[in-house]
J.: 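Structure below; questions to follow.
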Amino acid sequence: QVQLVESGGGKVQAGGSLRLSCAASGRTFISYAMGWFRQAPGKEREFVGTINWSGNRTSYVDSVKGRFTISRDNAKNTVYLQMNSLKPEDTAVYYCAAAMLSLGSRYESEYEYWGQGTQVTVSS
């Protein structure tokens with residue numbers, strides 16, 4: 001069992017930055033690829049990015065490439081989402097998720113555990 005708790009959300013103006021954290025319980029964190037997803041009001045949840053178990057491979061949706069960076073600290077059981085050059089269209093609830101995979105996945109169905117989400121609001 002893995003429990004995930006996101007933090008770091010908030011309100012920011014367009015062009016600003018935020019760093020989200022996702023703290024995982026359990027001693028098997030290193031076994032999991034981690035993903036970030038987001039859900040904007042009235043829209044379906046979408047993939048944002050993923051990182052493999054060791055942290056040396058990442059993948060992102062095109063809309064955030066070059067602006068968002070995922071990293072992880074396995075010693076702290078934590079994965080991060082650094083968000084720069086934020087845009088109003090990045091406004092959403094952001095979720096982290098864990099998948100028992102060596103590489104990450106873009107598909108929600110691959111993820112076994114989910115956090116409760118943290119709200120990010122970007123004003124123009």
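All residue numbers refer to positions in the sequence shown, counting from 1.
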J.: In Å, rounded to the nearest 0.5 Å, how long is the span from CG of N74 to CD1 of I30?
T.: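 It comes to 4.5 Å.
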J.: For a 4.5 angstrom cut-off between non-hydrogen side-chain atoms, does Q82 reach F68?
T.: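 Q82 vs F68: side chains apart.
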J.: So which atom in P41 and which in T91 form the shortest heavy-atom distance, rounded to 0.1 Å?
T.: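 Taking every non-hydrogen atom into account, CD-O, 4.3 Å.
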J.: Could you point out which residue of V64, V93, T118 forms a side-chain contact (heavy atoms from CB on, under 4.5 Å) with R38?
T.: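 Of the listed options, the one satisfying the test is V64.
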J.: Got a sec: does the CD of Q3 have more than 12 other heavy atoms crowding it under 6.0 Å?
T.: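 No, the 6.0 Å shell around CD holds no more than 12 heavy atoms from other groups.
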J.: With a distance cut-off below 6.0 Å to the six-membered ring centre and an angular limit of 45° from the axis, does R19 pair with Y80 as a cation-pi contact?
T.: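 Yes, R19 sits over the ring of Y80.
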J.: Look at K87 together with D90 and state whether they make a salt bridge at an N to O cut-off of under 4.0 Å.
T.: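 Salt bridge: no.
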J.: Within the 4.5 Å heavy-atom criterion, are V79 and I70 side-chain neighbours or not?
T.: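 With C-beta onward as the side chain, the pair touches.
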J.: Could you give me the CA-CA distance, side-chain angles and deciding distance for Q116 and V5, then say whether side chain to side chain contact (heavy atoms under 4.5 Å, CB included) is met?
T.: CA-CA 7 Å; Q116 82 289 349; V5 179; 4.3 Å; yes
J.: Would you say the side-chain atoms of R72 and T78 include a donor-acceptor pair closer than 3.5 Å?
T.: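 Not at all, the side chains of R72 and T78 share no donor-acceptor pair under 3.5 Å.
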J.: Nearest 0.5 Å, what's the CG-OH distance between L101 and Y32?
T.: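 If I round to the nearest 0.5 Å, the distance is 10.5 Å.
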J.: So W114 and F37, would you call those rings parallel, tilted or perpendicular, with 30° and 60° as cut-offs?
T.: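 Because their plane-to-plane angle lies in the 30° to 60° range, the rings of W114 and F37 count as tilted.
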J.: Does the side chain of Y113 come under 3.5 Å of the side chain of S25 through a donor N or O and an acceptor N or O?
T.: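 No, no side-chain donor-acceptor contact under 3.5 Å.
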J.: Less than 4.5 Å apart, side chain to side chain, heavy atoms only: is that true for W36 and T50?
T.: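 No - every pair of side-chain heavy atoms lies 4.5 Å or more apart.
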J.: Please tell me if the side chains of T121 and V12 come closer than 4.5 Å, counting only heavy atoms from C-beta onward.
T.: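 In short, these two side chains do not touch, never coming nearer than 4.5 Å.
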J.: Which heavy atom of P88 sits nearest a heavy atom of S124, and at what distance?
T.: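 Reported closest heavy-atom pair: CG-CB, 3.8 Å.
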J.: Any chance you could lay out the side chain to side chain contact (heavy atoms under 4.5 Å, CB included) test for L20 and V120, step after step, and finish with the verdict?
T.: CA-CA 9 Å; L20 306 184; V120 171; 4.0 Å; yes
J.: Hey, could you give me the OH/CG distance between Y60 and L81, rounded to the nearest 0.5 Å?
T.: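 Answer for the OH-CG pair, Y60 versus L81, is 8.0 Å.
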J.: Looking at Y107 and S105, what are the two nearest heavy atoms and their distance?
T.: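 Minimum heavy-atom contact is N-OG, 3.0 Å.
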J.: Shortest non-hydrogen contact from G35 to Y111?
T.: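 Heavy atoms of G35 and Y111 come nearest at N-CE2, 3.5 Å.
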J.: For N56, does its backbone N or O pair with a side-chain atom of N52 as donor and acceptor, under 3.5 Å?
T.: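 Looks like yes, one N/O pair under 3.5 Å.
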J.: Supply the atom-to-atom distance Q1 CD to T28 OG1, rounded to the nearest 0.5 angstrom.
T.: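 Spacing of CD (Q1) from OG1 (T28) equals 10.0 Å.
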J.: Look up atom CD in E6 and atom SG in C96, then write down how far apart they are to the nearest 0.5 Å.
T.: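 Going from CD on E6 over to SG on C96, the span is 4.0 Å.
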J.: Does N84 use its side chain to pair, donor to acceptor, with the backbone of T69 at less than 3.5 Å?
T.: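 No, the answer is negative, given that no donor and acceptor are paired below the 3.5 Å cut-off.
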J.: Passes side chain to side chain contact (heavy atoms under 4.5 Å, CB included), Q39 versus E46? Steps please.
T.: CA-CA 6 Å; Q39 186 167 22; E46 67 168 352; over 6 Å; no
J.: From M100 CE over to E110 CD, what is the distance, rounded to the nearest 0.5 angstrom?
T.: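 Interatomic distance, M100 CE to E110 CD, rounded to 0.5 Å: 13.0 Å.
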J.: Answer yes or no: is there a side-chain heavy-atom contact under 4.5 Å between M83 and Y94?
T.: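 They are in contact (side-chain heavy atoms under 4.5 Å apart), so the answer is yes.
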J.: State, with a plain yes or no, whether a side-chain heavy atom of R106 is found less than 4.5 Å away from one of S59.
T.: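 Counting from C-beta outward, R106 and S59 do come under 4.5 Å.
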J.: Hey, quick one: are M34 and W53 part of the same hydrophobic cluster, counting side-chain heavy atoms closer than 4.5 Å, chains of contacts allowed?
T.: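 As far as the 4.5 Å side-chain criterion goes, W53 and M34 are not connected within one cluster.
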